[in-house]
Amino acid sequence: MNPALGRYNRGLPLSPPGHGQTATNMSDLLSSLNPEQRAAVTLPPQHALILAGAGSGKTRVLTTRIAWLVSTGQTAPHGILAVTFTNKAAREMRARLSAMLPADLGNPARGMWIGTFHGLCNRLLRAHHREAGLPATFQILDSADQISAIKRLLKNLGVDEERFPPRELAGFVNAHKEQGIRAGEAEAYDDYTRRRAELYAEYDAQCQREGVADFAELLLRAHELLCRNEPLRRHYQERFRHILVDEFQDTNRLQYQWLKLLAGRGGGQFPEHGACIFAVGDDDQSIYAFRGAEIGNLRNFEREFEVANVIRLEQNYRSHGNILDAANALIRNNRGRLGKNLWTEAGAGEPIRVFEGFSDDDEARFVVDEARELIRAGVSRRQLALLYRSNAQSRILEYHLLKAGMPYRVYGGLRFFDRQEVRHALAYLRLIANPDDDTAFLRVVNFPARGIGGRSIEALQEAAHRVHSSLYNAAAGLSGRAAAVVGNFVRLIETLRRETAGLPLPEVIGQLIEKSGLRAHYLAEKEGGDRLENLDELINAATSFSSDEGMAPNDPGADPLASFLAHASLEAGEHQAGESEDAVQLMTVHAAKGLEFDAVFITGLEQGLFPHENSAADKQGLEEERRLMYVAMTRARERLYLSHAQTRLLHGQTRYSLPSLFLEELPGELLRPVGGRAARAAEAPFASQDPAGQECAERAGGLRIGQNVRHARFGLGVIVAAEGQGGDTRVQVNFGAQGMKWLALEYAKLTAA
DNA sequence: GACTAGCGTCTGTGG
DNA sequence: GACGCTAGTC
């Protein structure tokens, strides 16, 4: 028994209810783990870092650790804080825990805090909104809301959007908040940045006035709350004995500070109250640097918390050997890894199949054909994943799946809560909850159209500016036509609020859809059918939300309306129908993290797409893309397909690209080209669509559009266009990283490659 | 003030 | 190829 244990046992029953029963379960659970996993689960209550490779049983270790801590009486459920990055991961953890622990201990509603950083901070801020300086009904701005709030701000201040693009400004604000930096503390060495910092301050002031908080604000505000409020900080530091963090490599600086503070390491305050942090992560799977994640936090954590226990989980239970070997070979090209090599007891398995299509259409056809074969061979549809780098790529795959009559399900993309009609309905709901929410106000003040045009809005904004109030409150101070039409709208909201007070949430939404005129509007619209269905689906979502007490992010007794709105902002995806249906799974590589499938297709493996051109420029960006590829490959259990296309429709234009450099980084002996590329290329030479290319092919000795060529200085490239005749023939060649060049055939010595 | 056509922008990933 | 924004018309 660890001597430190006594300290953590304070005030807890030594033998919690159900102890005997779970102890049996516990030993079963423990004996089903491998030695490293078991060591991790049963570590003494000290800070620990578990470097868990893909498919090494990370979630299992995390949840078993919690079950072990609770069922051995080292802490009450109350003392557990578990943080994840996605709602999906949080849900899975809850589900596994309730299966492992008896109902009275395993029910997360009984005091365990399990959730995403954003969800937990939201919960904290709701519970202590006064101390945090927020209204009880504060609303959460998602990224789209944030952009429109910034646009409105710039307009009000008369700032030129060209000089300060709203998206860029949003990025500036978020990046600073993620570093824990307020506008006043932002470093600015030039006028431009100084101005941006001023706008950051103005934006925050606007949010404060309107009672709204963006995503990053949730974290920053929660951090500041705990920093400033000593009794509160003490309360939570004493409460949470064990903080478990999933995907630690994805934490940004602010999240790390937040953890440090809760664990009693915030600048050395109250170390005696400190919780133990059990961090699980994999530096090779860090794919969120773009939103501020710092892999360095893994190392910082190890150093700053003097972590004595670092355990590596390297045995992979998921993939066959070839897949793992290929993934290992790929990731070895990254520098500065913490070091880890996955191995498996499963056999080598199938080779990795590589397909080169003439076009994205060709590629999609191959993928769907192959998927059909696999299904025929007995693979279930839901065990087939079609992965891509960006959401835009799903379209062509969907087209071919549809044509083949194969059920499929797309994750991500346009999310349910992002749909126009749903956002409109939610805006009404937000106004009922918080009339000061100007973003919501402007969204629906004239939707459906009710005669409130630009002039009235301008008058209203002036009035609001004069008396420093929200648009809603300023309505009373208007005169003339504006007063009449805006007054009608305000009365509509008032009526809604009055008549729906105390009603169950689904009924509130049902009424607002009717009385706002939304339903009538979409009924009259030619293609409003889908939108009406989505509005009904929103009512369903509210129904299942209300009945799902355990999932409510807030403490019991909290305003259900506010909780639902928070839920809609924080859990924008996931709420899609057909989850149970046996369908082929389509998603981005990012969305696939943490999942596994019997067969995986990684599509669009082309320079500029994967790795993406926005990242390929600098080395860090490229390494993140490589980790992304690593994540994608390690999703596969038995079969892995890699495909790319010579041409692809992008922005409505045909684009020619080279195969991804990641394909070259895989050991050739593990790969098998399929689809008879060589044979097909011989019988159907490329360059069919472009007559100029065809001519060029005839005249230029076999060179044609789509042809891979080599240039003495620029290296390998692909011909994308041709013009001119005879000795004047010029071709445009895409040399990947070297850029796009126009070359005269006569002088540039291009050789077929 | 409502509605429409045409234009430009951009799809890089998520809470 | 989709959406948002603007200018022009009713």
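The sequence lines fix the lettering, A, B, ..., with proteins before strands; numbering per chain opens at 1. Bear in mind that the values here come from a model prediction, so they are computed numbers and not experimental data.
- Rounded to a whole Å, the CD atom of A:E247 is 14 Å from the C1' atom of B:dG15.
- Using a 4.0 Å heavy-atom criterion, one finds that A:E625 contacts the bases of the nucleic acid, with or without backbone contacts as well.
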Anything under 3.5 Å between a donor and an acceptor, one on a side chain of residues 288-295 of chain A, the other on a protein residue two or more places apart or in another chain? List them.
none

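- For A:D246, the side-chain hydrogen bond (donor to acceptor under 3.5 Å, both in side chains) partners at least two apart in sequence or on another chain are A:K58.
- Here A:S456 reaches the OP1 or OP2 of B:dG1: one of its side-chain N or O atoms lies under 4.0 Å away.
- Rounded to a whole Å, the NZ atom of A:K593 is 11 Å from the C1' atom of B:dT13.
- One donor-acceptor pair, N or O on each side, does fall under 3.5 Å between the base of B:dT13 and the side chain of A:R389.
- Between the CG atom of A:L565 and the P atom of B:dG15 there is a distance of 18 Å, rounded to whole Å.
- Among residues two or more places apart in sequence or in another chain, the side chain to side chain contact (heavy atoms under 4.5 Å, CB included) test is passed with A:N434 by A:T137, A:Q139, A:D436, A:D437.
- Two residues, A:N174 and A:R455, neighbour DNA chain B, and the one matched to the more 5' nucleotide by heavy-atom proximity is A:R455.
- Between A:Y388 and A:L586, the closest side-chain pair of non-hydrogen atoms falls below 4.5 Å.
- The residue among A:R450 and A:S615 whose nearest nucleotide of DNA chain B lies closer to the 5′ end is A:R450.
- Salt bridge annotation for A:R443-A:D145: absent, with no cationic side-chain nitrogen under 4.0 angstrom from a carboxylate oxygen.
- Counting non-hydrogen atoms under 4.0 angstrom, A:T86 reaches the backbone sugars and phosphates but no base.
- Residues A:E665 and A:R626 are paired through a salt bridge, judged by an N-O separation under 4.0 Å between the basic side chain and the carboxylate.
- You'll find that the side chain of A:N87 is closest to B:dG15, out of B:dG15, B:dA2, B:dG14.
- Residue A:N446 is classed as a sugar-phosphate contact, given heavy-atom separations below 4.0 Å to backbone atoms only.
- Atom-to-atom, CZ of A:F290 to C1' of B:dG15 comes out at 10 Å; the value is rounded to the nearest Å.
- B:dG15 atom C1' lies 5 Å from atom CZ of A:F215, rounded to whole Å.
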Protein-nucleotides 6-11 of chain B N/O pairs under 3.5 Å:
residue : atom : partner : partner atom : Å
B:dT11  : OP2  : A:R167  : NE           : 3.3
B:dT11  : OP2  : A:R167  : NH1          : 3.1
B:dT11  : OP2  : A:R167  : NH2          : 2.5

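- By the side chain to side chain contact (heavy atoms under 4.5 Å, CB included) test, A:E596 pairs with A:R318, A:R637, sequence neighbours left out.
- Within the structure, no pair that satisfies the side chain to side chain donor-acceptor pair (under 3.5 Å) test touches residues 452-462 of chain A, not counting sequence neighbours.
- Listed by chain and number, the residues in a side chain to side chain contact (heavy atoms under 4.5 Å, CB included) with A:L460 are A:F441, A:L471, A:A474, A:A475, A:L478, A:V486 (sequence neighbours excluded).
- Residues meeting the side-chain hydrogen bond (donor to acceptor under 3.5 Å, both in side chains) test with A:S643, sequence neighbours left out: A:E363.
- Nearest to the side chain of A:R291, among B:dG14, B:dT13, B:dG15, sits B:dG14.
- What separates CG of A:L609 from P of B:dT13 is a distance of 11 Å, to the nearest Å.
- Of all nucleotides in DNA chain C, those with any atom nearer than 4.0 Å to a heavy atom of chain A start and finish, going 5' to 3', at C:dG1 to C:dC5.
- Rounded to whole Å, the distance from CG on A:L570 to C1' on B:dG15 is 7 Å.
- In this structure, A:R481 reaches the B:dG1 phosphate: one of its side-chain N or O atoms is under 4.0 Å from OP1 or OP2.
- In this structure, A:L219 places its CG atom 13 Å from C1' of B:dG14, rounding to the nearest Å.
- Heavy atoms of A:Y288 sit under 4.0 angstrom from primed sugar atoms or phosphate atoms, though from no base atom.
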